[in-house]
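Numbering starts at 1 and runs along the sequence shown. Predicted, not measured: the structure shown is a model, and the values here were computed from it.
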Amino acid sequence: MNNISDNINENWLNKTDELADLFERGQISIDRFTTDQLHYLVYWNFGVSGIHIMTETKLAEKELEIRGEPYNEEYAQLIDTEATKFY
């Protein structure tokens, strides 16, 4: 995994946040996320800083493994670097 698959832009960030909110409320399933979105959300622990690992983060890591794309922090950092252009 070397290249970012998604087009990271402001719309992508907004959609990712929207999906994360819906997922946290139990309104959608994990399969609605792209692999890049899952890496990004795991990297940010679904928006929670600190030592506590969110249940959603654990589910996202498990989904990435199922997809054959286990979480890769270096890859997630690449996505985050792109995303910071649109904060």
Side-chain angles (χ1 to χ4, degrees):
M1 193 175 352
N2 295 320
N3 298 315
I4 298 170
S5 299
D6 291 350
N7 179 21
I8 311 298
N9 57 30
E10 189 172 359
N11 289 334
W12 182 89
L13 271 176
N14 291 335
K15 183 66 172 178
T16 301
D17 288 342
E18 177 186 315
L19 289 173
D21 288 343
L22 292 170
F23 181 64
E24 288 172 340
R25 287 184 282 194
Q27 295 177 324
I28 64 167
S29 65
I30 197 87
D31 63 358
R32 294 278 307 273
F33 294 93
T34 68
T35 298
D36 288 352
Q37 287 172 320
L38 290 174
H39 271 87
Y40 181 76
L41 291 167
V42 170
Y43 180 77
W44 283 108
N45 192 22
F46 269 82
V48 177
S49 59
I51 196 163
H52 178 72
I53 302 296
M54 298 291 293
T55 300
E56 292 85 356
T57 301
K58 292 177 185 175
L59 292 171
E61 287 178 313
K62 189 175 286 189
E63 176 66 17
L64 286 168
E65 288 176 17
I66 290 168
R67 293 180 186 190
E69 302 275 354
Y71 176 68
N72 178 313
E73 187 165 351
E74 289 178 19
Y75 184 67
Q77 287 173 342
L78 288 174
I79 296 168
D80 182 57
T81 297
E82 272 304 299
T84 59
K85 297 174 185 176
F86 304 100
Y87 285 176

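Looking at heavy atoms from C-beta onward, Tyr40 lies out of side-chain contact with Ile8 at the 4.5 angstrom threshold. Between Asn14 and Glu18 there is no side-chain heavy-atom pair separated by less than 4.5 Å. When side chains are defined from C-beta on, Tyr43 does not count as touching Tyr75, because their heavy atoms never get closer than 4.5 Å. In this structure, the side chains of Asn7 and Trp12 stay at 4.5 Å or more apart for every pair of heavy atoms.
Using modelled atom types, one side-chain atom of Asn45 and one backbone atom of Met54 make a donor-acceptor pair closer than 3.5 Å.
For Gln27, the CD atom is densely surrounded, since the number of other residues' heavy atoms within 6.0 Å is greater than 12. Atom CZ of Arg32 has 12 or fewer heavy atoms from other residues, nucleotides or ligands within 6.0 Å.
Remark: the Thr34 side chain and the Asp36 side chain contain no N/O donor-acceptor pair separated by less than 3.5 Å.
Following chains of ILVMFWY side-chain contacts shorter than 4.5 Å, one cannot reach Leu64 starting from Ile66, and the two form parts of different hydrophobic clusters. Under the 4.5 Å side-chain heavy-atom criterion for ILVMFWY residues, no single connected hydrophobic cluster contains both Ile53 and Trp44.
Note: Phe33 CZ to Glu56 CD = 9.0 Å, rounded to the nearest 0.5 Å. Distance check: Leu38 CG to Thr57 OG1 gives 10.5 Å after rounding to the nearest 0.5 Å. Put simply, CG on Asp17 and CZ on Phe46 are 10.5 Å apart, with the number rounded to the nearest 0.5 Å. Separation of atoms NE2 (His39) and CD (Glu61) is listed at 9.5 Å; rounding is to 0.5 Å. Atom CG of residue Asn11 and atom OG1 of residue Thr16 lie 10.5 Å apart, to the nearest 0.5 angstrom. Here the CG-OG distance, from Leu22 to Ser29, works out to 11.0 Å after rounding to the nearest 0.5 Å.
Ion pair Glu65/Lys62 not flagged as a salt bridge, since none of the NZ, NE, NH1 or NH2 atoms sits closer than 4.0 Å to an Asp/Glu carboxylate oxygen.
For the pair Ile30 and Phe23, the tightest heavy-atom approach, listed with the atom from each and the gap, is CD1-CZ, 3.5 Å.
Partner of Thr35 under the side-chain hydrogen bond (donor to acceptor under 3.5 Å, both in side chains) criterion, chosen from Glu69, Arg67, Glu63: Arg67.
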